[in-house]
Amino acid sequence: MMTDEVRVRFAPSPTGYLHVGGARSALFNYLFAKRHRGTFILRIEDTDRNRFIEEAMREIYESLKWLGITWDEGPETEGSCGPYIQSERLEQYRTHAELLAAKGHAYRCFCSPERLATIRGEQEKKKGKLGYDGFCRTLSDREIQSRLASGMPYVIRFKIPSGRCVRFNDLIRGTIEYRSDLLDDFVLLKTDGYPTYHLANVVDDHLMRISHVLRGDEWIASTPRHVLLYEAFGWSPPSFAHLPIILSSNGGKLSKRKGAASVMDYKRAGYLPEALFNFLALLGWAPGEDREKMNPDEMIASFSIEQISPKASVFDEKKLEWMNGLYMAERPVASLTGEVVPLLREKGWLDETAPLDTRYIEKMVLLLRERSKRLSDLVAAAHYFFIDPVAYDEKAEKKYFPAEAADHLLLLDLGMRNCPDFTRNSLEELFRKLAESKGIPAGTLIHPARLAVSGVSFGPGLFELLETLGRERVLRRIENAVAHIRKKATARPTVHER
RNA sequence: GGUCCCUUCGUCUAGUGGUUAGGACACAGGAUUUUCAUUCCUGCAACAGGGGUUCAAUUCCCCUAGGGACUACCA
């Protein structure tokens, strides 16, 4: 090793959206790089032309940026080891595959997909070892030349050495051993000239001087192949750490069908990026000291691979909700308002022809923020700030809209009409005094008033709510409610309720 | 089938050869409040099972069970 510089990479393949499991891998790489003042690299592994999805690259970039995970080298930022998109490095892979062939560590294989399927079928029947049988290993030069001359398609396979014990150290689990005889001669370069993951990964990690490979634990079983590849090239392998997967609450994989799976799903569900960042970091990693809510700098300061658990963890959305609530509470109102406005527009609650009443929306956000766990909850609770209630919650109406409530509301209407400044304090004074003069509990006025202005029986403190809504809206809604109650009262005699 | 990985409250986890096995989320109860939410108390709840090693194992070793990954010209 020339240097002990930390260089890590997140290497997704653009086959779809960025899964939260992938995001967590990216996050751990990021935290580790920052912890050691190293370099975090983004590399796109697009060597499968069949599964490539154009849209996916953009979604990956967008998801990472939204989460606040920025890369030091990679697409869009570049760096000294580019290009960082594998389809732009095909020459590199071909050269290296040929190099291995020349050194006797690899060979051309002309076996047809049909033959491969046949031997595979037989192996399955015999329940023996699966994998390529090495048929083309022993082709003579003459046979190879004649097939090449006739334009027969071929792949380049790695020649697995026999009788070897392949050992590597996993920073999270310790030593892992495999017998090389269990491995088959895997493909390095495909018929179409693209490399397989194994080749591209090893070549790039070496060329990009990657010091630590932190990746999903589905790669454990492939690691001995990679180790053998490094050896064949004469390179020293990086350190490895395999991260456990993230499961859904039912113990299975996290999937779109069972709710959310991608980073953008969580954005759409109303979560804040800093909350998801914090939550994801704590899945499989714990800094000790019972600390949970941490900002990125704190996480970076205490991050270490040794503290990562080898155990798969369940994504507990309830806990994410709780944590999101904490971040909602500390987000500045102006910032939260910026997040909420587009969502209100989607709902069609904002008058697009009028100028945006930011002051009003900010006051609303201030009232709703502490009782919302997600942006979507806040928006869901915001309707009556823009739309007059057209109906009232049924149970609440039975409880808070008795016939005499109309008289109470009318008195309040009169009082509020004459209330000099319409602030929470004077409104509260008005309510309390009125209740006192009528000899009734203040709640007898408060509850019907809340229902009248909001249509529901819960929400912010009534007086600040009234102040925020403003006199005009409040009086209009109170009068609507009075009319509603009176209409119901006169209708009642003709209606037999059960 | 083969190989490999994993196993502390329901969930995320801390932890140690001798602890009342700690915290957080969730859940339940209570306090506060004009409602809801917040907040604050309190409670419930775990070392997968079986063998060893040891004066002593949740902790070290082995086995079993359960879960998972890989076993492609996918990553």
Side-chain angles (χ1 to χ4, degrees), chain A residues 11-15 45-48 50-51 109 111 113 116-117 120 123-124 126-132 153-157 170 172-173 176-179 181-184 186-198 200-201 215-224 242 244-245 247 249 251-253 279 282-293 307 309-323 325 329 368-373 377 381 396 400 428 431-432 435 441-447 449-451 454 456-463 465:
Chain A
S13 65
T15 53
E45 308 217 327
D46 59 341
T47 56
D48 184 347
N50 299 320
R51 296 204 304 158
C109 166
C111 291
L116 260 22
R120 187 186 173 74
Q123 286 166 344
E124 271 170 11
K126 284 191 293 192
K127 295 185 174 182
K129 177 190 159 188
L130 262 30
Y132 184 61
Y154 65 88
V155 300
I156 295 182
R157 285 184 187 272
D170 181 291
I172 296 172
R173 304 153 227 265
I176 297 174
E177 290 179 350
Y178 280 83
R179 286 189 299 125
D181 299 323
L182 265 7
L183 272 26
D184 74 335
F186 59 96
V187 173
L188 296 171
L189 204 67
K190 303 184 242 178
T191 313
D192 63 6
Y194 279 69
T196 57
Y197 171 87
H198 307 299
N201 185 263
R215 78 231 292 192
D217 66 7
E218 70 271 24
W219 292 109
I220 290 178
S222 298
T223 306
H242 290 94
I245 58 163
L247 304 168
S249 47
K253 281 184 185 163
F279 177 75
L282 257 22
L283 272 191
W285 173 66
E289 306 162 32
D290 294 331
R291 283 198 299 161
E292 301 224 279
K293 186 163 172 295
Q307 288 167 318
S309 160
K311 188 185 132 192
S313 45
V314 172
F315 192 103
D316 182 359
E317 192 153 343
K318 285 279 195 221
K319 189 152 184 175
L320 206 214
E321 265 183 24
W322 162 76
M323 184 163 276
L368 295 180
R369 172 173 70 165
E370 71 172 311
R371 61 206 88 225
S372 306
K373 292 203 186 294
D377 299 331
Y400 298 129
E428 176 154 17
F431 272 65
R432 304 256 179 233
T444 307
L445 297 179
I446 288 169
H447 296 301
R450 173 193 310 287
L451 187 57
S454 73
V456 292
S457 62
F458 53 87
L462 180 68
F463 308 115
L465 174 61

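Below, read A as the first sequence line, B as the second, and so on, with proteins coming before strands; counting in each chain starts at 1.
- No engagement by A:Glu321 is indicated, since no non-hydrogen atom pair under 4.0 Å with the nucleic acid exists.
- Pairing for B:rC27 is with B:rG43, a Watson-Crick or G-U wobble pair whose two hydrogen-bonding atom distances lie under 3.5 Å.
- As the counterpart of B:rA56, no nucleotide is assigned, since no Watson-Crick or G-U wobble pattern has both distances under 3.5 Å.
- Spacing between B:rC27 and B:rG50 at atom P, rounded to whole Å, works out to 34 Å.
- At least one donor-acceptor pair under 3.5 Å links the side chain of A:Asp184 to the backbone N or O of A:Tyr132.
- Under the Watson-Crick or G-U wobble criterion, with both distances below 3.5 Å, B:rA21 is left unpaired in every strand shown.
- One P atom belongs to B:rA21, the other to B:rU58, and the distance between them is 11 Å to the nearest Å.
- Closest heavy-atom contact between A:Ser457 and A:Tyr400: CB-CE1, 4.1 Å.
- Put simply, CD1 on A:Ile172 is 18 Å from P on B:rA69, counting in whole angstrom units.
- B:rU19 and B:rA46 have their C1' atoms separated by 15 Å, with the value rounded to a whole Å.
- For A:Glu218 and B:rC6, the CD to P distance is 15 Å, given to the nearest whole Å.
- Between A:Arg450 and A:Phe458, the shortest heavy-atom distance links the atoms CD-N, 3.7 Å.
- Look at B:rC4: its Watson-Crick or wobble partner, with both distances under 3.5 angstrom, is B:rG68.
- Using a 4.0 Å heavy-atom distance criterion, A:Tyr197 is classed as a base contact.
- Nearest to the side-chain atoms of A:Ile245 among the listed nucleotides B:rG68, B:rC6, B:rC74 stands B:rG68.
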How far apart are the C-alpha atoms of A:Ser222 and A:His198, what are their side-chain angles, what is the distance that settles it, and do they pass the side-chain contact (heavy atoms from CB on, under 4.5 Å) test?
CA-CA 8 Å; A:Ser222 298; A:His198 307 299; 3.6 Å; yes
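- Across all their heavy atoms, A:Ser249 and A:Val314 have their closest contact at CA-CG1, 3.4 Å.
- OP1 or OP2 of B:rG10 has not a single side-chain nitrogen or oxygen of A:Lys318 nearer than 4.0 Å.
- Rounded to a whole angstrom, the distance from the P atom of B:rC70 to that of B:rA75 is 14 Å.
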Treat primed atoms plus P, OP1 and OP2 as sugar-phosphate and everything else as base, then score nucleotides 28-47 of chain B 5' to 3': B for base contact with protein heavy atoms under 4.0 Å, S for sugar-phosphate contact only, - for none.
------BBBBS---------
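- Counting any heavy atom pair closer than 4.0 Å across all strands shown, A:Pro14 reaches no nucleic acid atom.
- A gap of 15 Å separates the C1' atoms of B:rG18 and B:rC60, to the nearest Å.
- A 6.0 Å sphere centred on CZ of A:Arg291 holds more than 12 heavy atoms belonging to other residues, nucleotides or ligands.
- The minimum heavy-atom distance between A:Pro287 and A:Leu282, with the atom names listed, is CD-CD1, 4.2 Å.
- Contact annotation for A:Thr47: backbone-only contact, meaning every heavy-atom pair under 4.0 Å involves sugar-phosphate atoms and none involves a base.
- What separates CG of A:Asp217 from P of B:rG67 is a distance of 17 Å, to the nearest Å.
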A:Thr47 vs A:Tyr197, side-chain contact (heavy atoms from CB on, under 4.5 Å): CA-CA, chis, key distance, verdict
CA-CA 7 Å; A:Thr47 56; A:Tyr197 171 87; 5.5 Å; no
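- For the C1' atoms, the distance from B:rG15 to B:rU53 is 22 Å, rounded to whole Å.
- For B:rG17 and B:rG2, the C1' atoms lie 37 Å apart once the distance is rounded to whole Å.
- Scanning both residues, A:Pro195 and A:Ala200, for their nearest heavy atoms gives CG-CB, 3.8 Å.
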So which protein N/O to nucleotides 71-73 of chain B N/O distances come out below 3.5 Å?
residue, atom, partner, partner atom, Å
B:rA72, OP1, A:Arg120, NH1, 3.4
B:rA72, OP2, A:Arg120, NH1, 2.3
B:rC73, O2, A:Thr191, N, 2.8
B:rC73, O2, A:Thr191, OG1, 2.6
B:rC73, N3, A:Thr191, OG1, 2.3
B:rC73, N4, A:Cys111, O, 3.4

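- Considering all non-hydrogen atoms of both residues, A:His242 and A:Asp170 come closest at ND1-OD2, 2.8 Å.
- Side chain of A:Thr15 to main chain of A:Arg51: no donor-acceptor pair is present (N/O by atom type, distance under 3.5 Å, no hydrogens or angles).
- Using atom P as the reference point in both B:rC44 and B:rG29, the two lie 15 Å apart (nearest Å).
- One can place CG of A:Leu183 at 17 Å from P of B:rG2, the figure rounded to the nearest angstrom.
- The partner of B:rA75, taking Watson-Crick or G-U wobble pairs whose two distances both stay under 3.5 Å, does not exist in any strand shown.
- By the 4.0 Å N-to-carboxylate-O rule, A:Lys319 lies too far from A:Asp316 to be salt-bridged with it.
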Using the side-chain contact (heavy atoms from CB on, under 4.5 Å) rule, take A:Ile220 and A:Tyr178 through it: C-alpha gap first, then chi angles, then the decisive distance, then the call.
CA-CA 10 Å; A:Ile220 290 178; A:Tyr178 280 83; 3.9 Å; yes
Expected rows: protein N/O vs nucleotides 11-15 of chain B N/O, under 3.5 Å:
residue, atom, partner, partner atom, Å
B:rC12, OP1, A:Val314, N, 2.9
B:rC12, O2', A:Leu282, O, 3.2
B:rU13, OP1, A:Gly284, N, 2.4

Let me see the working for A:Leu320 and A:Phe315 under side-chain contact (heavy atoms from CB on, under 4.5 Å), right down to the final yes or no.
CA-CA 8 Å; A:Leu320 206 214; A:Phe315 192 103; 4.0 Å; yes
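- Heavy atoms of A:Lys293 sit nowhere under 4.0 angstrom from any nucleic acid atom.
- Here the C1' atom of nucleotide B:rC6 and the NE2 atom of A:His242 are 15 Å apart, to the nearest Å.
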